[in-house]
S.K.: 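Please find one structure pasted underneath; my questions will follow.
From a predicted model like this one, the values you see are computed outputs, not experimental measurements. Computed from heavy atoms alone, side chains included, the values below leave out hydrogens, waters and symmetry copies. Atoms within each ligand, like the ligands themselves, are counted from 1 in listed order.
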Amino acid sequence: MNELVERFCEMVRIPSESGEEAEFLTWLAGRWREELGADCRFDGYGNLIATLSQQDSNSRPLLLCAHADTVKPGTEIEPVLEDGVIRSRGDTVLGADDKAGIAAIWFGVKRAGRRPPLEIVITRQEEVGLLGAKRLDTASLRAEVGFVLDGEALDEVVIGGPSHFLIDVTVHGRAAHAAMAPEQGVSAIKAAARAIARLPEGRLDHQTTANVGVIRGGEIRNGVPARATVQAECRSLSHDRAVELADLYRRAFEEEAAALGAVAEVKVELAYRAVRLDEDEPAVVLARRALESLGLSPKLRLICGGTDASILNARGIRCAVLGMGARAPHSTDEHIRVEDLELAAELVKTLLEIAG
Ligand SMILES: [Zn+2]
């Protein structure tokens, strides 16, 4: 087993489900101090920030980012290497998402012949709403360009993502006995249902989606329900379109509730804002050159999900997302080919040598 595979397996054996990353990150900081000579510190939220200066380099500092946490079930992971593929025993995820990204950074840095000054950020709680990135102390960072190693296919460069709104609705009706005095009640369920029935859902155009994911309401069969709650979301690669849609959702609940004599409280929160890198920006140019020099043909992509890049871009660090090779992430079938693990590390190494 080579060193990269060995380290990768060592990493996935240390559990780091979202919120429980401290042990893993402390271990990683120790390894990186020793092996990479990195200056490792933790910000106020517990994100790891590793800095590697470069005395004789005039290049601009570059940011590399991956996330420490895994989804569940992610404890007692036992990696199994068979026929060039690493998987879990089958009862947990593997944790290649995103420890393959961390391994790619680790060995890319270690193997690079030259490189620019680096700021490496390993975030916490990415999987539960990009919480680590949102609380990351970006003011202490100097890099203006970077890469997030958390994508899928290794020949893809993600250059943009959507604005994502979280919509939380509470409808307040009025309780009454359903048989003795139904006229005195106002059904919160009915109000919510009327709004949902009138709202567009699913894929609304090539860059926009909306969904009502959760509805809860009522307490007893023979009571007019006084309360119903709804969790919905909408996303669009166009920020304006997402704003418009979130507003449409808000109005539908408010109006349908009012029409029945109920009241809808609607909370709309922007989880992250749409970003789109230009094709001639440094992150995109660099990624393309690195992939081409590895014999791959880069594909530029927009995705409908959020990554740490959504947050970093909004803070002015222009980041593209690169693949790290994990297959079937977020499932107990998650696996990675050793070949892809090597290629991801090679990609980081090549990027650093070009940027250095
Ligand atoms: Zn991930």
S.K.: If you check every N/O/S atom of Asp150, which is the one nearest the Zn ion (ligand 1)?
M.R.: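 Atom name returned: OD1.
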S.K.: Would you say the side-chain atoms of His67 and Gln125 include a donor-acceptor pair closer than 3.5 Å?
M.R.: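 Side chains of His67 and Gln125: no pair found under 3.5 Å.
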S.K.: Of all N, O or S atoms in Asp97, identify the one at the shortest distance from the Zn ion (ligand 1).
M.R.: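 Sorting the N, O and S atoms of Asp97 by distance to the Zn ion (ligand 1) puts OD1 first.
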S.K.: Just give me the atom name: the N, O or S atom of His67 closest to the Zn ion (ligand 1).
M.R.: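 Output for this pair reads NE2.
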S.K.: Can you list, by chain and residue number, the hydrophobic cluster partners of Ile49 when the side-chain cut-off is 4.5 Å?
M.R.: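 Reading the cluster by chain and number, Ile49 sits alongside Leu63, Val121, Leu136, Leu141, Val148, Val158, Ile303, Leu312, Ile317, Val321.
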S.K.: Please enumerate all residues that pass salt bridge (Lys or Arg N to Asp or Glu O under 4.0 Å) together with Lys349, with sequence neighbours excluded.
M.R.: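 Applying salt bridge (Lys or Arg N to Asp or Glu O under 4.0 Å) to Lys349 gives Glu346, Glu353.
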S.K.: Between Lys99 and Phe24, is NZ or CZ placed under 6.0 angstrom from the six-membered ring centre and within 45° of the ring axis?
M.R.: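 Yes, a cation-pi geometry.
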